[in-house]
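Comments concern the structure below.
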Amino acid sequence: MNPGEFREMGHQVVNLLAEYLDHIEEKRVFPDVEPRTVNALFAEALPQEPSPSERVLGELESKLLPYCTNVGHPGYMGLITPSPNPVGIIADFICSALNQNVGAYSIGPSAVAMERRVVRWLTDLCGYGAKAGGNLTSGGMMANFIGLKVGRDAVTRDIAQHDGINQRWAVYASEERHVSVDKAVDCVGLGRNALRALPTDAKFQVRIDALEEAIARDKKEGIRPMCIVGMFGTTNTGAVDDIRELRRIADREGMWLHADAAYGGGMLISHEWPMRDRGLELADSITIDPHKWFYAPLDAGAVLVKDHDRLTASFGMKPSYLTDELDHSNERYQYYVHGFEQSRRFRSLKVWMSFKRYGARQIGEWIDNNVRQAKHLYSLTENNAEFEPATEPPMSAICIRFKGPKLSEAESKELHAEVAQRVEQSGRFWMSTTDLKGKTWFRINPVNFRTREEHMEQLFALLQQECHEFVSEKGVASRR
Ligand SMILES: Cc1ncc(COP(=O)(O)O)c(C=O)c1O
């Protein structure tokens, strides 16, 4: 590809994407296509011969774009994937062009400096002090894993990372934790059965009495408490655990406290409901994902550690092919020595550019709008005899359920799954379903700067219509 063609293709792509974004609201949220049809579109052998750029772009226009889930559409209120902010989109383009590898200083001095600054912004937002550090990660899953690994090493005084686990340990988290916590407990060598899933109260916050009981029970059996994972914004309802109480218990038991603010971290820059007084800074490590509620395009998660030295203790291996022998003053920051991932994309660029272009003030306003939208749906639901909300949403994730005529739990499950599918088929909205305390719910979660209050009203009207249709089709109404 010569420079002229690069320019030409680049302009075409920018035009294509600008057009896509200009008209995103007119598109279906989810494509009307069967999986086998999309698979067939890409079923071809490895191309041996080149194709002109126009043909490659043409294929994208016909095969890729029409069958995307348009997460930037205001009706996308599903799994936590934001409408990517346009500056972030441009940043990712630049990022690939420069291909800085922030794993090592020698492959990107300014990119390393930028990531360190972004990490500093995030640690400041969380209320950490100057000793804190962290890494941008592929997402919350990786950040929770790193948090648990650093916690395991700190609590076992680095023995586990050399000799493995030779005792029985337990990790404690709410039943509302994200599944990444279970995977992390497994991956740090404790085994998933070492995770104690604790019941929550009516607001879906972990019950402290249940935590105390679980710890006492484990200690009686010779199992040592290792870590508490506190939720700072659960996936289902945005619940925030009592981090201060968790800290008190963790200190008493010599445990690590990791806080999962992958989603809820956005509330730190909310203007109307700022959650800067919830004790997040008391956690030893924190997961916070710019690719969730700072509206950065995927991927950009982050793990923050209150004491940067713990990162180095957990990951500070220096293979000879990477070591910077001549850096006597230790000024060349090597992420590979202070983190798990080696080759790493220059993720901080989109976060840095987004904060520079919009400022935390504008991003905080988007967050407030999303919270307001969830609260609006809550009040619509509260005032409707056929629906119930799980709880008032503290963030933008809200769970509601249809309780219309008396349905068995199996029927209710079927109704919610079927209606969610019909909503998907409508092409107007996308939301998921979930289970909370043994019941099935619609889970609706705007993390989207294009969503407006009217969309919540339209979605609620559609839900009512589809629930009624389901009930009459299935003849459930006759048993009313
Ligand atoms: C509370 C919470 N933690 C962790 C994760 C995992 O994050 P990721 O999907 O970025 O790996 C999620 C994802 O939604 C989440 O909601």
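Quick caveat, the model's predicted, so the values are computed rather than measured. When reading the values below, keep in mind they use all heavy atoms of this one structure, side chains included, and skip hydrogens, waters and symmetry mates.
- Sorted by first then second residue, the salt bridge (Lys or Arg N to Asp or Glu O under 4.0 Å) pairs that include residues 248-264, not counting sequence neighbours, are E212-R248, E212-R252, K219-E253, E245-R248, R247-D251.
- By the 4.0 Å N-to-carboxylate-O rule, K306 lies too far from D284 to be salt-bridged with it.
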| field | Verdict with reasoning, R196 to D218, per salt bridge (Lys or Arg N to Asp or Glu O under 4.0 Å) | value | CA-CA 10 Å; R196 308 286 176 256; D218 278 333; 2.9 Å; yes
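- For R344, the salt bridge (charged side-chain N to carboxylate O under 4.0 Å, His left out) partners two or more places apart in sequence, or in a different chain, are E115.
- Taking the ring centroids of Y76 and H455, they lie at or beyond the 6.0 Å cut-off.
- Looking at residues two or more places apart in sequence or on another chain, you find a side chain to side chain donor-acceptor pair (under 3.5 Å) between Q167 and R224.
- Evaluation of the salt bridge (charged side-chain N to carboxylate O under 4.0 Å, His left out) rule for D241 yields no partner, not counting sequence neighbours.
- Residues F315 and H338 place their aromatic rings such that the two centres sit no closer than 6.0 Å.
- In terms of the side-chain contact (heavy atoms from CB on, under 4.5 Å) criterion, residue partners of E176 (sequence neighbours excluded) are, by chain and number, S174, T200, F204, T234, N236, L436.
- Qualifying side-chain contact (heavy atoms from CB on, under 4.5 Å) partners for R36, counting only residues two or more places apart in sequence or in other chains: E34.
- Closest approach of N135 to G339, counting heavy atoms only: OD1-CA, 3.0 Å.
- Side-chain atoms of H376 and Q373 form no donor-acceptor pair, as typed in the model, at a separation below 3.5 Å.
- Here salt bridge (Lys or Arg N to Asp or Glu O under 4.0 Å) pairs that include residues 349-358, with residues two or more places apart or in two chains, are D92-K350.
- Side-chain contact between L304 and T287 is absent, with no heavy-atom pair separated by less than 4.5 Å.
- In this structure, A111 and V102 approach most closely via the heavy-atom pair CB-CG1, 3.6 Å.
- Taking the ring axis of F232 as reference, the NZ or CZ atom of R278 does not stay both within 45° of it and closer than 6.0 Å to the ring centre.
- For residues 5-19, there are no salt bridge (Lys or Arg N to Asp or Glu O under 4.0 Å) pairs, not counting sequence neighbours.
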| Steps toward side chain to side chain contact (heavy atoms under 4.5 Å, CB included) verdict (L195, R192) | CA-CA 6 Å; L195 179 65; R192 253 184 251 165; 5.8 Å; no
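- Applying the salt bridge (charged side-chain N to carboxylate O under 4.0 Å, His left out) test to D32 and every residue at least two apart in sequence or in another chain returns nothing.
- Under the 3.5 Å distance criterion, the side-chain polar atoms of Q100 are matched with a main-chain donor or acceptor of L98.
- Atom-to-atom distance recorded for M456:CE and R372:CZ is 13.0 Å, nearest 0.5 angstrom.
- Checked by atom type, the side-chain pair S180/N144 shows a donor-acceptor distance below 3.5 Å.
- Using a 4.0 Å cut-off between charged nitrogen and carboxylate oxygen, E25 and R452 count as a salt-bridge pair.
- Checked for salt-bridge contact, K203 and D242 miss the test: no charged N lies under 4.0 Å from a carboxylate O.
- The stretch residues 129-163 participates, sequence neighbours left out, in these ring-ring contact (aromatic ring centres under 6.0 Å, His included) pairs: F145-F340.
- For the pair T156/M226, a side-chain contact is recorded, criterion being any heavy-atom separation below 4.5 Å from C-beta on.
- Applying the salt bridge (charged side-chain N to carboxylate O under 4.0 Å, His left out) criterion to R177, with sequence neighbours excluded, gives D182.
- Under a 4.0 Å N-O distance rule, the pair E453/K375 does not qualify as a salt bridge.
- Ring geometry for F6 against F93 counts as parallel: the plane angle stays under 30°, on a 0 to 90° scale with 60° as the upper cut.
- Closest non-hydrogen pair, A160 versus I165, comes out as CB-CD1, 3.9 Å.
- Partner of Y263 under the side chain to side chain contact (heavy atoms under 4.5 Å, CB included) criterion, chosen from D289, I288, V447, T235: V447.
- The minimum heavy-atom distance linking V240 with G233 is given by the pair CG2-N, 3.8 Å.
- Every side-chain contact (heavy atoms from CB on, under 4.5 Å) that I159 has, sequence neighbours left out, goes to D163.
- Inspection of the N70 and Y20 side chains reveals an N or O donor paired with an N or O acceptor under 3.5 Å.
- Look at R310 and D153 and you find no salt bridge, because none of the NZ, NE, NH1 or NH2 atoms lies under 4.0 Å from a carboxylate O.
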